[in-house]
*Asks:* 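Have a look at this one before I ask anything.
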Amino acid sequence: MTMICSRAPAKTILFGEHFVVLGKPALVTAIDVYAKVCIKDSSRIIIESKNLGEKLIKDVYEPKALLPYLRIVEELLNGSKECFHAIIDSEIPIGSGMGSSAATAVAFTHALSRYLGLDLDLEDISKIAYKAEELIHGKPSGIDNTISTYGGFLYYQEGVFKHIDIPWPQDYSLILIDTGVKRSTKVAVEKVLKRYEKKKSIMKYLYDAAEEIVHEAIKALKRGDVESLGELMNINHGLLVSLGVAIPETETIVHESLRHGALGAKITGAGMGGCVLVFVKKTEVRNILKSISQYSKAYYVVKPGVKGVEHW
Ligand code: PMV
């Protein structure tokens, strides 16, 4: 019996979320939390998600939540009648801004294309996964499927992605702390755009500052300047607060983390809930986790810059 498995990483936005929507750059990294998909032989097309507790049997029972994967199936089968059983099993929390749906779509496309003997390159995989993302998010920027496919660190601006070779400072960690407050990226983006329109003459300075932060952060990472990196995260967070996407839960985690030794802490992704990103010396991780335990639903001590989609 053939069984083919692939895994694809989650992401976190280090700098530039929201500002990226109006054409400023963002810096994003792949992290070692994974969506895994295995494909095995079957006499029907079955797609099963362990996380959602749903099972799609083609033409018999097709739950809405799994329809994006059927889009990938149609694309890859291209009229052929082959059958298979796909099992989705992801460590990435849903709706927390870690790119769970894109990572699953990328792992699914990678595994199924290998199972079918198709020789797709990474560009094809990312493009096909994007089609599934469109069904879920409407008009996504494409940042999630790209980082999950290629991995590493990416500089993104107006639809153009550039891989950046950055050595991560060895003695430092990133912690993603989930507030447990689910939010919609769409609602958060709309709120920010409204404020931008209302206060344009002020907001443009914030957007320029955000752009400068991304460029300074890349320089700081390249020279291993951890103090500067932490400070830039804190300034970036201040800008996000000014955009209106902070809530008491994110602020408590940011302030408690900084009070207990973090070099930097910021909202990552859309805000209004979701995760806070904390930059900290490895020796201080336990301290921080203890200090925020009562405020967080879950936490992930993550490794940035990991490889993109691969066999597993
Ligand atoms: O929280 P997430 O992972 O959905 O990230 C949203 C990032 C935004 O910049 C707020 C929106 C976007 O499309 O880039």
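Numbers for residues simply follow the sequence, beginning at 1. For ligands, and for the atoms within them, numbers begin at 1 and follow the listed sequence.
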*Asks:* Pairs under 3.5 Å, N/O atoms on ligand 1 and on the protein: can you put them in a table with the distances?
*Replies:*
| residue | atom | partner | partner atom | Å |
| --- | --- | --- | --- | --- |
| ligand 1 | 1 (O) | Arg183 | NH2 | 2.5 |
| ligand 1 | 1 (O) | Ala270 | N | 2.8 |
| ligand 1 | 3 (O) | Lys11 | NZ | 2.5 |
| ligand 1 | 3 (O) | Gly97 | O | 3.2 |
| ligand 1 | 4 (O) | Thr185 | OG1 | 2.7 |
| ligand 1 | 9 (O) | His18 | N | 2.9 |

*Asks:* Using ring centroids (six-membered ring only for Trp), state whether Phe161 and Tyr155 fall under 6.0 Å.
*Replies:*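 No, ring centres 6.0 Å or more apart.
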*Asks:* Ion pair present between Arg259 and Glu256, side-chain N to carboxylate O less than 4.0 angstrom?
*Replies:*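 Looking at Arg259 and Glu256, the cut-off is met.
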*Asks:* Using distance alone, with no hydrogens and no angle criterion, decide if Ser6 and His110 have a side-chain donor and acceptor under 3.5 Å apart.
*Replies:*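 Yes, a side-chain donor-acceptor pair sits under 3.5 Å.
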*Asks:* Asp178 and Tyr300: side-chain donor and acceptor closer than 3.5 Å?
*Replies:*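 No, because no side-chain N or O of Asp178 sits under 3.5 Å from a partner of the opposite role on Tyr300.
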*Asks:* Is there a side-chain contact between His237 and Glu251 (heavy atoms, below 4.5 Å)?
*Replies:*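 Sidechains of Glu251 and His237: in contact.
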*Asks:* Take the angle between the ring planes of Trp312 and Tyr34 and call it parallel below 30°, perpendicular above 60°, tilted in between.
*Replies:*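 It falls in the parallel class, under 30°.
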